[in-house]
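Would you mind keeping the following structure in view while I ask a few things?
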Amino acid sequence: MADKIKDAKIIFVVGGPGSGKGTQCEKVVAKYGYTHLSSGDLLRAEVASGSERGKTLQAIMQKGELVPLDTVLDMIKDAMIAKADVSKGFLIDGYPREVKQGEEFEKKIGAPCLLLYIDAKGETMVKRLMKRGETSGRADDNEETIKKRLDLYYKATEPVITFYTSRGIVRKIDSELPVDEVFGHVAKAIDDLK
Ligand SMILES: Nc1ccn([C@H]2C[C@H](O)[C@@H](COP(=O)(O)OP(=O)(O)OP(=O)(O)O)O2)c(=O)n1
Ligand SMILES: Nc1nc2c(ncn2[C@@H]2O[C@H](COP(=O)(O)OP(=O)(O)O)[C@@H](O)[C@H]2O)c(=O)[nH]1
Ligand SMILES: [Mg+2]
């Protein structure tokens with residue numbers, strides 16, 4: 001496994017709920033042809049399949065909590081293996097959510113060369129999620145769950161950024177700007193890899 005993807009770049013995309021991770025990842029896919037793997041989307045696909053495992057996941061996500069580490073990691077790993085032969089790079093969106101998830105990812109898969117830290121203010125994220133909730137159909141895009149997701153983000157996920165900052169691979173992106181300007185900074189960070 002590790003050999004199969006050893007030449008591909010691994011980019012972690014980390015930021016609060018509603019910060020704009022998915023929006024920026026789509027643009028990176030369009031420009032650079034990287035493979036976008038959203039851990040949230042993988043989990044939601046499992047829920048949509050109606051499997052027993054999906055039912056358990058649905059209950060956890062509806063509460064705004066984190067699903068067990070091994071579950072998400074196995075899903076990401078399987079998805080990466082499936083694309084390993086054709087992918088020159090992977091955007092791992094919404095993962096790691098806690099330092100331990102990052103450590104396990106590196107043990108089982110490999111090291112990231114870049115962490116894009118998509119940064120928006122708490123009030124901006126809440127506003128965007130409430131708006132998205134009007135059409136997303138996501139069970140977790142409601143006021144109560146959004147608050148829990150934000151709290152968990154500050155408590156569990158922000159330490160991830162500190163952890164990788166000490167390794168020198170974090171690029172902080174101001175996501176309060178208009179989408180295309182945000183993307184300008186994202187593209188710069190990726191171009192600087194070469
Ligand atoms: N590594 C992960 C990724 C996701 N989840 C769960 C908890 C999240 O609340 C839910 C949805 O994941 P998203 O990445 O979609 O969640 P965000 O809150 O970031 O929403 P989005 O990025 O789509 O706005 O899945 C998890 O437990 N562990
Ligand atoms: N104004 C503005 N809205 C954005 C920006 N990025 C994302 N959004 C909106 O915010 C919501 C959440 O974005 P999404 O990409 O799903 O964020 P994620 O939760 O981090 O994956 C969506 O409805 C987007 O349309 C941005 O840079 N500016
Ligand atoms: Mg998303």
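Both ligands and their constituent atoms are indexed starting at 1 by order of listing. We use all heavy atoms of the structure for the numbers below, so side chains are in, but hydrogens, waters and symmetry mates are not.
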Exercise. Taking the six-membered ring for Trp, are Tyr95 and Phe105 parallel (under 30°), tilted (30 to 60°) or perpendicular (over 60°)?
Worked result: tilted
Could you pull out all donor-acceptor pairs under 3.5 Å where a side-chain atom in residues 54-74 meets a protein atom, sequence neighbours excluded?
residue: Lys55; atom: NZ; partner: Glu52; partner atom: OE2; Å: 3.3
residue: Thr56; atom: OG1; partner: Glu52; partner atom: O; Å: 3.2

For this session: Taking only heavy atoms of the protein into account, state which residues are under 4.0 angstrom from an atom of ligand 2, in chain and number order.
Result: Gly16, Pro17, Gly18, Ser19, Gly20, Lys21, Gly22, Thr23, Arg128, Arg132, Ser175, Leu177, Val179, Val182
Problem set entry | Nearest heavy-atom neighbours spanning Cys113 and Ile11 | SG-CG1, 4.4 Å
Exercise. Would Ser51 and Glu46 count as a side chain to side chain donor-acceptor pair (under 3.5 Å) if you check the C-alpha gap in whole Å, the side-chain angles of each, and the deciding distance to 0.1 Å?
Worked result: CA-CA 7 Å; Ser51 68; Glu46 184 72 31; 2.8 Å; yes
For this session: State whether the shortest distance between N or O atoms of Asp93 and N or O atoms of ligand 1 falls below 3.5 angstrom.
Result: no
For this session: Identify the two heavy atoms, one from Pro17 and one from Tyr153, that lie closest to each other, and give their separation to 0.1 Å.
Result: CD-CB, 4.0 Å
Exercise. Would a 4.5 Å heavy-atom cut-off, applied to side chains only, mark Met80 and Leu37 as touching?
Worked result: yes
For this session: Counting heavy atoms only, name the option from Leu57, Val67, Leu152, Leu42 that's nearest to atom 27 (O) of ligand 1.
Result: Val67
Exercise. Would one find an N or O of Arg138, backbone or side chain, under 3.5 Å from an N or O of ligand 1?
Worked result: yes
For this session: Test the Lys172-Tyr117 pair against the cation-pi criterion, namely NZ or CZ under 6.0 angstrom from the six-membered ring centroid and within 45° of the ring axis.
Result: no
Problem set entry | Step-by-step ring pair (Phe, Tyr, Trp, His ring centres under 6.0 Å) determination, Tyr34 to Phe90 | CA-CA 6 Å; Tyr34 282 20; Phe90 291 96; 8.6 Å; no
For this session: Check each of Arg97, Lys21, Arg149 against atom 13 (P) of ligand 1 and report the one with the nearest heavy atom.
Result: Arg97
Problem set entry | Which atom of Arg128 lies closest to which atom of Gly20, heavy atoms considered | NH1-N, 4.3 Å
Problem set entry | Mode of Leu66 contact toward ligand 1 - side chain, backbone, both, neither (heavy atoms, under 4.0 Å) | both
Exercise. Counting heavy atoms only, which of Lys148, Arg128, Glu65, Gln58 comes nearest to atom 7 (C) of ligand 1?
Worked result: Glu65
